[in-house]
Peer 1: 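One structure coming up, written as C-alpha cells, with questions to follow.
It should be emphasised that the depicted structure is a prediction, and the values quoted were computed from it without experimental measurement.
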Amino acid sequence: MALIGKLVVCGVGLIGGSFALALRDRKEVGHVVGIGRSRESLGRAKALGVIDEIALDWASALDGADFVLLAMPVGQTDAVMEAMAPHLQAPTIVTDAGSTKHVVMASIYHHLDAQLSRIIPAHPIAGTEKSGVEAASTALFRGKRTVVTPLPENDPAAVEMVRKAWQACGALVVDMPPQDHDRVFAAVSHLPHLLAFGLVHELAGRANAELLFSYAASGFRDFTRIAASHPEMWRDICLANRQALVGELDQYLGELALIRSLLLSGNGQRLEQLFEEARQARTKWGEAQAPLIPSS
C-alpha cells in the first residue's frame, strides 16, 4: 500500500515535481494533483506524467487529500495558506519546501492555527540552477539532507509521516529548531547565491562585459553557476531572510576588507595563510559530504 493516497503539490516545478516523481518511482503515492498560478506549467507537468490531475481551486484540490507539499516561492506562502485554510480537512498533513522558515511559520500561525498539529515545516537541501517541471528528477533528493523543523504543536505521528515521505524520496532527514534554521542557511545558502548574482550582475554591467565573459572559464563557471537560478524564488528568499542575510553579508564584507588590506600591503605570507586555512576547511567539508552522495 502506498504511503500517500492523494498528494497535492502546490508549485509543480523543480522541487515539487521531483517530490512527486520520486514518490511515483518508489510506488509510494497513488494520485497526484497539481495546483498553482500557471495553467500552462501545470499542463506541462501533466503531459510529462508528473501529476495526474490539475486542480483549479483549493476546494477540489484538498477534497480527500492525504498530504500537501507547498513548493511555490516563499513570497506566495501567506496568500496560498489563506486561500487553502477554509478547505483544509482535519486528516490532511501539510508540509512545505521553503528555504526560510520565519515567514512560513508566521503564515501558519496566522492562517492555519486550527490545524497546527498537522502542519509541519520542512526544507529539502537540494536543487540546481535549473527551474521548472522539465528539470524535475526522481533522484534530486537522493542522498541529500531534508531539514524538518517541527512546531511545538505538531502531532508526532504527523511529523513522522513527513519524515517518511522525504525518506521515500531518498533524502536523509534531520531535525533542526526553526529558530536556528534561517541563521544557518543565511550563511551557507542564501549568502553564496547573493554573491554569485552580485558578481555576474556587476561584470555584465561593464562596458567590456562581452570581452570579460569570453575569457571566463571553469573558476568563473563554478563560482557563478547558481546565478542562473530562479530570480523570483531567490528574491523572495533573500527578502524573507533579510535580517539574518544582512548580518552574514556584513561579516563577509569584513573578510573582504581584510583581504583588500593584505593586497594593498603586499602581505603575501598572511594572504597565503588565509588561503591555506580556507583550503583545509573546504577540503574537510568536501570529504565529509562524499558519503552522503550514493555511487549510483
Side-chain angles (χ1 to χ4, degrees), residues 2-89 92-99 103-104 107 111-112 119 121-124 126-141 146 162 165-166 168-169 171 228-237 240:
L3 182 67
I4 299 170
K6 179 179 177 178
L7 167 67
V8 178
V9 178
C10 180
V12 191
L14 172 66
I15 299 298
S18 295
F19 185 77
L21 284 176
L23 290 174
R24 282 191 184 284
D25 186 59
R26 294 288 299 273
K27 296 181 172 51
E28 291 290 6
V29 65
H31 187 76
V32 183
V33 177
I35 188 170
R37 292 181 300 179
S38 170
R39 181 65 186 266
E40 181 183 354
S41 64
L42 290 170
R44 292 197 302 272
K46 187 175 181 183
L48 291 168
V50 178
I51 62 175
D52 300 301
E53 178 187 346
I54 297 171
L56 301 181
D57 57 76
W58 279 107
S60 59
L62 292 173
D63 185 23
D66 298 298
F67 197 102
V68 178
L69 173 68
L70 302 179
M72 66 287 170
V74 290
Q76 299 174 31
T77 301
D78 197 67
V80 166
M81 289 191 178
E82 182 179 16
M84 67 188 291
H87 312 289
L88 188 59
Q89 300 170 358
T92 308
I93 292 174
V94 180
T95 191
D96 77 299
S99 294
V103 168
V104 171
S107 296
H111 298 295
L112 304 179
I119 315 295
H123 174 204
T128 73
E129 71 279 10
K130 298 177 182 179
S131 59
V133 69
E134 295 85 356
S137 164
T138 60
L140 182 65
F141 308 112
T146 288
V162 170
W166 284 111
C169 295
S229 299
H230 196 292
E232 179 189 5
M233 181 182 77
W234 281 100
R235 175 203 68 191
D236 289 353
I237 290 170

Peer 1: Applying side chain to side chain donor-acceptor pair (under 3.5 Å), can you list everything that pairs with Thr95, at least two apart in sequence or on another chain?
Peer 2: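 Partners of Thr95 by the side chain to side chain donor-acceptor pair (under 3.5 Å) criterion come out as none, since no residue qualifies.
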Peer 1: Can you list everything that forms a side chain to side chain contact (heavy atoms under 4.5 Å, CB included) with Leu42? Sequence neighbours excluded, please.
Peer 2: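 Here the qualifying residues are Val12, Ile51, Ile54.
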Peer 1: Is the side chain of Gln89 donor-acceptor paired with the backbone N or O of Gly64 at a distance under 3.5 Å, no angle test?
Peer 2: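 Judged by distance alone, yes, a pair lies under 3.5 Å.
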Peer 1: For Ser41, what residues pass the side chain to side chain donor-acceptor pair (under 3.5 Å) criterion, not counting sequence neighbours?
Peer 2: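 So Ser41 forms a side chain to side chain donor-acceptor pair (under 3.5 Å) with Ser38.
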Peer 1: Asp52: what forms a salt bridge (Lys or Arg N to Asp or Glu O under 4.0 Å) with it, not counting sequence neighbours?
Peer 2: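 So Asp52 forms a salt bridge (Lys or Arg N to Asp or Glu O under 4.0 Å) with Arg24.
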Peer 1: Enumerate the salt bridge (charged side-chain N to carboxylate O under 4.0 Å, His left out) contacts for residues 54-79, please, sequence neighbours excluded, ordered by first and then second residue.
Peer 2: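 As it turns out, there is no salt bridge (charged side-chain N to carboxylate O under 4.0 Å, His left out) pair with a partner in residues 54-79 once direct neighbours are skipped.
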Peer 1: Which residues pass the side chain to side chain donor-acceptor pair (under 3.5 Å) test with His87, sequence neighbours left out?
Peer 2: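 With sequence neighbours excluded, His87 shows a side chain to side chain donor-acceptor pair (under 3.5 Å) to no residue whatsoever.
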Peer 1: May I have all residue pairs that pass salt bridge (charged side-chain N to carboxylate O under 4.0 Å, His left out) and include part of residues 34-51, sequence neighbours excluded?
Peer 2: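 Matches after skipping sequence neighbours: Arg37-Glu232, Glu40-Arg44, Arg44-Glu134.
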Peer 1: Among all residues two or more places apart in sequence or in another chain, which pass the side chain to side chain contact (heavy atoms under 4.5 Å, CB included) test with Ala135?
Peer 2: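 Applying side chain to side chain contact (heavy atoms under 4.5 Å, CB included) to Ala135 gives Leu14, Lys130.
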Peer 1: Taking side chain to side chain donor-acceptor pair (under 3.5 Å) as the test, write out the residues that go with Thr146, two or more places apart.
Peer 2: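 Scan of Thr146 (side chain to side chain donor-acceptor pair (under 3.5 Å), adjacent residues dropped) gives none.
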Peer 1: Under the side chain to side chain contact (heavy atoms under 4.5 Å, CB included) test, which residues partner Ala139, sequence neighbours left out?
Peer 2: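 Listed in chain order: Ser137, Arg142.
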Peer 1: Which class fits the ring pair Phe141 and Trp166: parallel under 30°, tilted 30 to 60°, perpendicular over 60°?
Peer 2: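 Phe141 and Trp166: perpendicular rings.
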Peer 1: With sequence neighbours excluded, what pairs up with Ala136 under the side chain to side chain contact (heavy atoms under 4.5 Å, CB included) test?
Peer 2: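 For Ala136, the residues satisfying side chain to side chain contact (heavy atoms under 4.5 Å, CB included) (neighbours in sequence not counted) are Ser18, Leu21.
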